[in-house]
Amino acid sequence: MPRTPLTVLLSAVFLAVAVLCALAGPLLAPHALDQDLYLGTVGAGVEGHLSGTDALGRDVLSLAVLGTRSALLGPVLVACGSMLLGLLLGTLAGFRGGWLDTVVGRYADLLLALPAVLLAMVVVGMLGGGYWVTVLVLVVLFSPTDVRLVRAAVMEQAARPYIESARVLGIRPGRIMVRHVLPNTVPIVVANLLLNTAFAMVALSSLSYLGLGVAPGAADWGRQLADGQRIMVDNPLAAILPGVLIILAATSVNLLGDWLAERLDRKVATR
């Protein structure tokens with residue numbers, strides 16, 4: 001989707017609504033998990049259910065609203081945790097160099113050589129699954145990209161004259177990294193943070209779809225998509241709604257991330 005002011009605005013509005021649903025989900029959909037086995041699966045608009053019900057008789061729309069929390073919280077934690085590792089290891093490796101740079105580089109190369117989602121499936125399966133286990137595993141698997149990205153940005157800044165001037169003045173290396181180097185890496189950090197959030201949404205939804213994320217029957221878009229696939233004939237919206245929400249959320253985060261990174265880049269360039 002092309003990034004225009006209108007698409008950025010729509011993305012911001014969608015994400016604002018999604019965040020509201022994530023924060024107030026239990027209030028907006030208090031009966032989302034209530035089952036009605038007698039009613040079972042019904043189509044959209046039947047029995048007062050705008051989007052129909054699933055196989056357990058739960059309202060599809062209410063379940064999607066309640067599932068927003070797990071759909072957003074996990075990816076944000078994955079992206080933030082991964083970026084914290086990237087900032088710590090990437091900054092030290094890029095600024096210090098030497099053996100530390102070699103060790104961090106081998107760590108990143110090793111994990112990048114492995115397929116992240118496939119490895120996550122294996123590790124999470126071995127550990128017995130679970131939402132927070134999945135989040136922790138993805139934090140580690142997403143970190144190598146952030147490490148290399150931050151390392152490259154820090155090395156580019158460390159070679160500039162203002163850093164050499166700070167060293168000549170006797171400013172401590174830690175202060176140089178925190179006060180002078182890291183602020184100039186903000187645009188690329190923000191862009192990759194939001195990009196990782198979008199990737200983590202898809203990854204977590206995929207693992208939940210395969211039964212390795214949230215528990216069976218929990219409110220989650222990936223799990224709802226898997227459950228809805230079995231009743232596509234009776235109620236297509238049971239699968240279509242969570243699938244569309246995953247696509248819209250990931251796309252909105254990407255568009256907003258590109259826009260924000262561009263604005264921050266201009267701000268840094270005018271300093």
Side-chain angles (χ1 to χ4, degrees), residues 74-124 126-127 132-200 203-204 253-254 257-258 260-271:
V76 169
L77 291 177
V78 169
C80 291
S82 171
M83 184 53 71
L84 284 176
L85 282 176
L87 285 171
L88 176 62
L89 298 179
T91 301
L92 290 174
F95 196 80
R96 293 288 188 178
W99 66 269
L100 183 59
D101 187 24
T102 301
V103 171
V104 172
R106 297 297 76 76
Y107 159 79
D109 291 342
L110 175 62
L111 290 184
L112 285 173
L114 302 171
V117 176
L118 181 59
L119 184 59
M121 291 171 57
V122 174
V123 175
V124 172
M126 290 174 58
L127 296 176
W132 297 113
V133 172
T134 305
V135 168
L136 182 60
V137 170
L138 289 179
V139 166
V140 176
L141 294 180
F142 274 50
S143 63
T145 303
D146 292 333
V147 168
R148 296 186 69 171
L149 193 72
V150 172
R151 173 183 175 273
V154 168
M155 290 180 69
E156 191 269 337
Q157 292 294 323
R160 296 194 173 187
Y162 78 94
I163 297 297
E164 187 61 33
S165 300
R167 284 171 169 161
V168 170
L169 290 173
I171 299 176
R172 291 175 298 175
R175 184 178 176 84
I176 294 175
M177 285 188 283
V178 174
R179 295 292 300 274
H180 300 283
V181 175
L182 286 181
N184 289 319
T185 66
V186 167
I188 197 168
V189 166
V190 169
N192 207 58
L193 180 68
L194 293 174
L195 185 63
N196 275 348
T197 301
F199 285 154
L204 271 172
V253 170
N254 264 332
D258 287 344
L260 187 58
E262 184 178 320
R263 294 292 297 269
L264 291 172
D265 199 28
R266 290 177 182 174
K267 186 177 180 179
V268 171
T270 56
R271 284 180 179 176

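Throughout, numbering of the chain's residues begins at 1 and tracks the sequence. Both backbone and side-chain heavy atoms feed into the values below; hydrogens, waters and symmetry mates do not.
- Of all heavy-atom pairs between G90 and V150, the closest is C-CG1, 4.0 Å.
- Counting non-hydrogen atoms of other residues, nucleotides and ligands closer than 6.0 Å to CZ of F142 gives a total above 12.
- Of all non-hydrogen atoms in N196 and S82, the two that sit nearest each other are ND2-OG, 4.0 Å.
- Here CG of L138 is found 11.5 Å from CG of L77. Values are rounded to the nearest 0.5 Å.
- Interatomic distance, L182 CG to I176 CD1, rounded to the nearest 0.5 Å: 12.0 Å.
- Using a 4.5 Å heavy-atom threshold, the side chains of V140 and L111 count as touching.
- The heavy-atom pair separating M83 from V189 by the smallest distance is CE-O, 3.6 Å.
- We find the OG-CG distance between S143 and L149 to be 12.5 Å, quoted to the nearest 0.5 Å.
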Before you tell me yes or no, could you show the steps for M177 and V154 under side chain to side chain contact (heavy atoms under 4.5 Å, CB included), namely the whole-Å CA-CA distance, both residues' side-chain angles and the distance that decides it to 0.1 Å?
CA-CA 8 Å; M177 285 188 283; V154 168; 5.9 Å; no
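- Minimum interatomic distance between A79 and T197 (heavy atoms only, all atoms of both residues): CB-OG1, 3.2 Å.
- Each of D146, T91, D101 was checked for a side-chain hydrogen bond (donor to acceptor under 3.5 Å, both in side chains) with R151, and the lone residue meeting it is D101.
- Here the CD1 atom belonging to I188 is positioned 9.5 Å from the CD atom belonging to E156, to the nearest 0.5 angstrom.
- Considering all non-hydrogen atoms of both residues, F95 and V181 come closest at CE1-CG2, 4.1 Å.
- To the nearest 0.5 angstrom, T145 atom OG1 is 9.0 Å from F199 atom CZ.
- Taking CG of L119 as the start and CG of L141 as the end, the distance is 5.0 Å to the nearest 0.5 Å.
- Listed here is the closest heavy atom pair of A153 and T185: CB-CG2, 3.8 Å.
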